[in-house]
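Have a look at the structure below, then the notes.
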Amino acid sequence: MSAAVDSTVGTATPPRSRTITDWRPEDDGFWERTGAVTARRNLVFSILSEHIGFSVWSLWSVLVLFLGPQYHIDAAGKFVLTAVPTACGSVLRLPYTFAVARFGGRNWTVFSALLLLVPTVFAAVVLHPGVSYSTLLVAAAVAGVGGGNFASSMANINAFYPQRLKGWALGLNAGGGNLGVPAVQLIALLVLATAGAAHPRLLVLVYIPLIVLAALGAALRMDNLTMLRNDRRAMRDATKDYHTWVVSALYIGTFGSFIGFGFAFGQVLQVQFHTQFDTPLKAAYLTFLGPLLGSLSRPLGGLLADRVGGARITLWTFAAMAAATIVVLVASEQHSLGLFLGGFVLLFALSGIGNGSTYKMIPAIFRTRAEVAVAEGADPEQAERASRRSASALIGIAGAIGAFGGVLVNIAFRQSFLGSHNGNAAYIAFLGYYALCLVLTRVFYTNRV
């Protein structure tokens with residue numbers, strides 16, 4: 001940001017400073033003058049960095065397709081390789097949420113982007129026939145740093161936008177990041193189609209210059225907001241609030257489904273429909289489609305939630321996801337590939353819509369609580385501050401717990417295929433969970449948020 005622009009957004013800062021000392025997004029005049037432009041610029045480069053982070057996080061969803069017989073890893077072992085980065089990424093989301101206020105949104109985006117070089121370079125070095133399974137597990141675990149980027153990115157962008165635009169902005173930020181999943185799968189398809197399954201390192205090497213570019217863009221174009229503060233007490237208080245656990249359960253059903261299916265889908269196709277997908281290339285032709293639709297539909301979920309209400313969209317989304325799961329289960333029992341693909345594509349698209357609508361519910365829940373408090377005589381400014389404090393804490397917790405849902409999806413598939421050589425038991429478990437989420441949404445939030 002130039003010195004001229006800095007002078008319009010708050011206290012004058014030295015030339016080329018990337019720090020904003022005054023930020024008032026709820027002030028309409030401030031927002032129209034310079035706030036919207038500044039927020040949009042930070043959103044663009046946040047999306048870029050988060051997009052690369054998601055790609056690195058989901059690298060192993062496609063690298064397992066390259067691990068042929070010479071690697072001596074069975075299907076169960078490959079499901080573990082896709083579950084490990086999901087687990088590590090979910091654990092990292094909480095500290096990444098705190099990092100934005102501690103180090104600054106721009107500074108942390110630069111650092112977290114450069115940190116993505118560790119799993120990519122590591123994978124490029126160790127990926128060859130004869131490598132031990134334990135080494136592959138470590139390489140997959142390190143890729144979990146890409147999953148943490150989502151939490152810091154969402155916490156940062158949440159601070160830049162006014163309440164009325166959060167659903168759209170957070171949905172766009174998350175959707176652009178989620179596109180990293182189909183992007184890495186498309187690049188894997190290109191590598192498989194041109195160089196073949198014997199060259200997994202080519203896929204990893206593609207991302208090294210992209211990581212450097214993302215870090216450079218963040219360094220040159222993003223900003224730090226000095227008014228951001230970590231509120232660890234808010235996190236502790238949030239763990240005592242039933243909304244935290246209900247919303248986190250819903251987010252497991254939406255984002256957990258998206259990331260879990262995204263990581264596992266290629267393996268599911270190869271194991272359950274081995275005749276049609278007897279080579280990694282054939283599976284790669286389809287693995288990107290579901291995550292692509294899920295990523296594109298996430299901003300739509302946020303937009304619909306802004307207009308109709310997050311709880312209503314979430315409720316109907318879980319009903320539709322349950323119906324789509326029944327389609328998948330029937331297709332699995334009948335060995336119908338076309339029906340199976342159609343059901344899974346619906347699941348991906350619906351999970352994206354649910355991601356956006358569930359996240360939009362979070363500020364709405366606490367805004368409703370603040371309105372009730374004000375009606376009972378509370379100070380409006382204090383009530384609004386408490387609302388934002390609680391919403392920010394819940395966003396961090398729900399993001400971490402929701403990502404862990406991806407681990408559960410991969411474990412469910414692993415156990416189902418080990419027991420019966422198909423995914424039917426897993427599909428029944430998913431159906432039951434979506435039904436539970438539908439009931440939770442109906443009981444706690446419909447007609448309220």
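Looking only at distances, no side-chain donor or acceptor of Arg93 sits under 3.5 Å from a matching main-chain atom of Phe150. Side-chain atoms of Ser416 come within 3.5 Å of backbone atoms of Asn422 as a donor-acceptor pair (strictly under, hydrogens ignored). Thr325 places a side-chain N or O within 3.5 Å of a backbone atom of Met321 that can act as its donor or acceptor partner. In terms of modelled atom types and a separation under 3.5 Å, the side chain of Ser295 and the main chain of Leu179 share a donor-acceptor contact. Gln267 contributes no side-chain N or O that, together with a main-chain N or O of Arg414, makes up a donor-acceptor pair within less than 3.5 Å. Without hydrogens or angle criteria, Asp223 side chain to Thr19 main chain gives no donor-acceptor distance under 3.5 Å. Side-chain atoms of Ser297 come within 3.5 Å of backbone N or O of Ala349 as a donor-acceptor pair. Looking at Thr244, its side chain does come within 3.5 Å of a backbone N or O of Ala238 through a donor-acceptor pair. The main-chain N or O of Thr109 is found under 3.5 Å from a side-chain atom of Ser112 such that the two form a donor-acceptor pair. For Thr226 (side chain) and Ile20 (main-chain N/O), a donor-acceptor pair under 3.5 Å exists by modelled atom type.
A donor-acceptor pair shorter than 3.5 Å cannot be found between the side chains of Thr82 and Ser61. For the residue pair Ser332 / Tyr427, no side-chain donor-acceptor distance below 3.5 Å is found, with atom types taken as modelled. In the model, Asn42 has no side-chain atom that pairs as donor or acceptor with a side-chain atom of Asn156 under 3.5 Å. Ser257 and Tyr433 are not linked by any side-chain donor-acceptor pair at a separation below 3.5 angstrom, with hydrogens and angles left out of the test. For Ser153 and Ser46, the side-chain atoms include at least one donor-acceptor pair closer than 3.5 Å.
Ion pairing between Arg33 and Asp27 fails under the 4.0 Å rule for side-chain N and carboxylate O.
The structure places CZ of Arg102 at 10.5 Å from CH2 of Trp108, a figure rounded to the nearest 0.5 Å. Here the straight-line distance linking atom CG of Leu346 with atom CG of Leu293 works out to 9.5 Å at 0.5 Å rounding. Considering CG of Leu189 and NZ of Lys282, their distance stands at 14.0 Å, rounded to 0.5 Å. Atoms OG and CG, on Ser49 and Leu210 in that order, are 12.0 Å from each other to the nearest 0.5 Å. Put simply, CG on Leu59 and CG on Leu81 are 12.5 Å apart, with the number rounded to the nearest 0.5 Å. One distance of note links OG1 of Thr358 with CG of Leu250; it measures 6.0 Å at 0.5 Å rounding.
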* To do: With side-chain hydrogen bond (donor to acceptor under 3.5 Å, both in side chains) as the test, would you mind laying out the steps for Tyr445 and Thr314 before giving the verdict?
  => CA-CA 10 Å; Tyr445 300 120; Thr314 301; over 6 Å; no
* Before giving the answer on side chain to side chain contact (heavy atoms under 4.5 Å, CB included), spell out for Glu376 and Val372 the whole-Å C-alpha distance, their side-chain angles and the decisive distance to 0.1 Å. => CA-CA 6 Å; Glu376 294 176 350; Val372 171; 3.7 Å; yes
* **Test side chain to side chain contact (heavy atoms under 4.5 Å, CB included) applied to Asn355 and Asn178, step by step** => CA-CA 11 Å; Asn355 285 341; Asn178 291 169; 4.2 Å; yes
* Phe160 vs Leu225, side chain to side chain contact (heavy atoms under 4.5 Å, CB included): CA-CA, chis, key distance, verdict -> CA-CA 8 Å; Phe160 272 98; Leu225 296 179; 3.7 Å; yes
* side chain to side chain contact (heavy atoms under 4.5 Å, CB included) between Leu220 and Phe45: does it pass, once the steps are laid out? -> CA-CA 10 Å; Leu220 295 176; Phe45 287 93; over 6 Å; no
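Residues Gly405 and Ile252 come closest through the heavy atom pair CA-CG2, 3.9 Å. Contact between Pro299 and Leu172 at its shortest, heavy atoms only, is CG-CA, 4.0 Å. Scanning all heavy atoms of the two residues, the minimum distance from Thr239 to Trp245 falls at O-NE1, 2.9 Å. The shortest non-hydrogen separation linking Ala215 to Leu114 is CB-CD2, 3.6 Å. Of all heavy-atom pairs spanning Tyr161 and Pro25, the tightest one is C-CB, 4.0 Å. Residue Pro363 comes nearest to Ser387 through the heavy atom pair O-OG, 4.4 Å, listed as atom of the first residue, atom of the second, then distance.
Proximity of the aromatic rings of Phe103 and Phe111 is defined here by a centroid distance below 6.0 angstrom, and this criterion is not met. Here the two rings, on Phe66 and Trp60, have centers that are 6.0 Å apart or farther.
Residues Thr441 and Thr317 form no side-chain contact, since every pair of their non-hydrogen atoms from C-beta on lies 4.5 Å or further apart. Proximity of Leu408 to Phe430: side-chain heavy atoms (C-beta onward) are nowhere separated by under 4.5 Å. Between Tyr96 and Val145 the shortest side-chain heavy-atom distance falls below 4.5 Å. Between Asn149 and Val56 there is no side-chain heavy-atom pair separated by less than 4.5 Å. Taking the side chain as every heavy atom from C-beta outward, Ile365 and Arg369 never approach each other to under 4.5 Å. In this structure, the side chains of Val118 and Leu115 come closer than 4.5 Å at one or more pairs of heavy atoms. By the 4.5 Å heavy-atom criterion applied to side chains, Thr97 and Met235 are counted as neighbours. Put simply, the side chain of Phe344 does not reach to within 4.5 Å of the side chain of Leu286, judged on heavy atoms.
Screening Phe258, Tyr359, Phe318 against Tyr251 for a ring pair (Phe, Tyr, Trp, His ring centres under 6.0 Å) leaves a single residue, Tyr359.
Using cut-offs of 30° and 60° for the angle between ring planes, the Trp57 and Phe255 rings count as parallel. Between Phe413 and Phe79, the ring-plane angle classifies as parallel under the 30° and 60° cut-offs. Below 30°, between 30° and 60°, or above 60°: for Phe444 and Tyr242 the angle between ring planes is between 30° and 60°, a tilted geometry.
For Arg442, the CZ atom sits in a loose shell: 12 or fewer heavy atoms of surrounding residues, nucleotides or ligands are nearer than 6.0 Å.
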